[in-house]
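Right, one structure below, let's go through it.
We count ligands from 1, going down the list as the structure has it; atoms in each ligand are counted the same way.
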Amino acid sequence: MSASPSIAIAGGGIIGVSTAWRLAQRGFRVAVFDQGNMGGEASWAGAGMLALGGEIDEPSELARLAVESRRLYPAFIRELVETSGLAIDFQELGAIDLAYSAAELAALESRAAGQATMGIDSKPVLPAQVASFWPRVRTEGLLGARFYPGDGLVNPREVVVALCAVCRKLGVRFLQNCAVESVSDGGADVQITSADGVATFRAAVVAAGAWSGAIVVNPVPVPASFPVKGHLLGYQQPSQTCNTIIRHGHTYLMQRTNGFLIAGASVEHAGFDRHIDSQIAAQLAMAAGFVMPHLLETTPTETWVGFRPASEKLRLGRWQSSNVYLAYGHYRNGILLAPVTAERLAEEISADLGIG
Ligand code: GLY
């Protein structure tokens with residue numbers, strides 16, 4: 001009997017590791033390479049919003065997949081929790097979008113009308129209802145709001161820890177501090193060059209987030225990727241301070257079950273600059289404090305940055321009829337898109353290689 005095909009995954013974030021899980025479940029032998037620790041970059045930095053309402057404005061391939069992935073999320077988390085035995089903070093609590101001017105209200109309403117055609121439901125909320133159900137939210141000047149019952153959140157750090165645990169049970173190999181430098185497609189297989197040396201696999205998946213485009217892929221280079229930096233703030237707060245996700249313009253607030261309240265996020269084209277900019281952090285704190293005035297009296301306990309994995313568009317699937325598959329360019333929605341990305345890729349690779 002011949003051994004099952006081996007797959008190398010370049011990138012151990014939530015996308016790479018969830019793909020590893022689904023491939024291993026189908027019988028593939030999988031190795032995941034990461035330049036640092038598994039889940040140590042965007043999956044560590046991301047707030048973990050599963051927020052079609054906040055993130056999806058117009059129809060696109062990414063939008064369609066995001067809607068499908070949101071539907072998959074409860075079962076994805078249930079299966080992960082059951083098979084890993086680990087807890088994951090997953091809250092299906094909805095989100096409210098706030099409008100403090102006529103222009104903001106008109107924009108909310110027109111966006112909601114477009115979203116409804118994509119199956120993203122929302123309903124109007126009156127300022128008096130906001131005052132009753134979101135008592136910490138600023139109501140001075142509030143003209144209206146919309147509630148998105150389908151939005152939720154998850155702790156992506158816990159998801160990656162659980163994914164690594166279930167992968168290990170299925171024999172997935174993790175190579176940390178071991179960046180993939182190049183992938184050479186030889187027709188029948190691929191050669192991976194990494195800090196671990198050169199190794200041969202049946203196929204490779206490029207899932208290295210913002211670093212994906214830097215991997216040298218032969219003979220056909222893969223499309224470029226780039227980082228979009230975001231600053232986030234964390235506050236330790238009493239539970240139920242944020243009883244749903246709360247959004248105003250580009251600012252969002254959300255709270256983990258343990259009380260940690262996250263305010264995000266800046267959008268910066270600054271390359272891989274890990275510097276925390278106190279001015280940007282202060283602007284974010286002001287924006288968070290505008291929505292929840294009591295936060296103006298509170299100092300954030302943490303400030304951090306992350307690199308959203310951007311590309312010109314979502315890169316998902318087989319690359320140019322080769323043995324190389326792409327899974328990057330998820331930009332603001334990598335956490336949300338992990339379940340559907342993993343399922344789609346595992347299906348496609350199984351079909352191409354004739355197993356599963
Ligand atoms: N998905 C939220 C963000 O990228 O800031």
Side-chain angles (χ1 to χ4, degrees), residues 13-15 18 39 41-58 60 62-63 65-67 69-70 73 89-98 111 115 120 148 150-160 209-212 225-235 242 244-256 260-274 276-277 280-281 283-288 291 300 302-314 328-341:
I14 192 168
I15 296 294
S18 52
E41 291 287 355
S43 309
W44 175 87
M49 278 194 304
L50 310 173
L52 298 171
E55 299 288 342
I56 304 300
D57 290 338
E58 353 182 287
S60 66
L62 187 147
L65 290 170
V67 170
S69 210
R70 180 65 190 90
Y73 237 97
D89 185 14
F90 171 56
Q91 303 179 59
E92 302 205 270
L93 33 57
I96 185 126
D97 261 289
L98 306 164
R111 191 182 61 163
Q115 289 172 323
I120 304 169
Y148 286 85
D151 285 5
L153 61 93
V154 72
N155 184 333
R157 300 180 192 180
E158 291 175 351
V159 175
V160 174
W211 290 266
S212 297
S225 62
F226 57 94
V228 179
K229 182 178 176 180
H231 278 71
L232 296 102
L233 304 177
Y235 303 80
C242 252
T244 68
I245 296 169
I246 300 169
R247 295 189 287 258
H248 173 228
H250 297 299
T251 307
Y252 53 82
L253 300 172
M254 46 165 278
Q255 192 174 27
R256 303 228 185 281
F260 193 64
L261 189 153
I262 297 171
S266 60
V267 176
E268 303 160 55
H269 294 268
F272 291 105
D273 169 20
R274 293 186 189 275
I276 291 178
D277 184 323
I280 292 174
Q283 283 162 5
L284 187 53
M286 288 299 288
V291 175
E302 268 183 60
T303 306
W304 68 99
V305 297
F307 301 118
R308 298 180 185 88
S311 184
E312 194 191 320
K313 60 177 187 161
L314 177 66
Y328 62 91
H330 296 77
Y331 187 35
R332 297 179 61 98
N333 288 293
I335 311 303
L336 170 61
L337 287 161
V340 78
T341 299

Check for a donor-acceptor pair, side chain of [X] on one end and backbone N or O of [Y] on the other, with a separation under 3.5 Å.
X	Y	value
Lys229	Asp273	yes
Gln283	Ser266	no
Ser60	Ala63	yes

Can you label the angle between the Trp304 ring and the Trp44 ring as parallel, tilted or perpendicular, going by 30° and 60°?
->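 The arrangement is perpendicular - the two ring planes meet at more than 60°.
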With sequence neighbours left out, what residues match Glu158 under salt bridge (charged side-chain N to carboxylate O under 4.0 Å, His left out)?
-> none
Could you pull out every protein residue that has a heavy atom closer than 4.0 Å to ligand 1, ordered by chain and then number?
-> Met49, Glu55, Tyr252, Ala265, Arg308, Arg332
Does the side chain of Glu268 come under 3.5 Å of the side chain of His231 through a donor N or O and an acceptor N or O?
-> yes
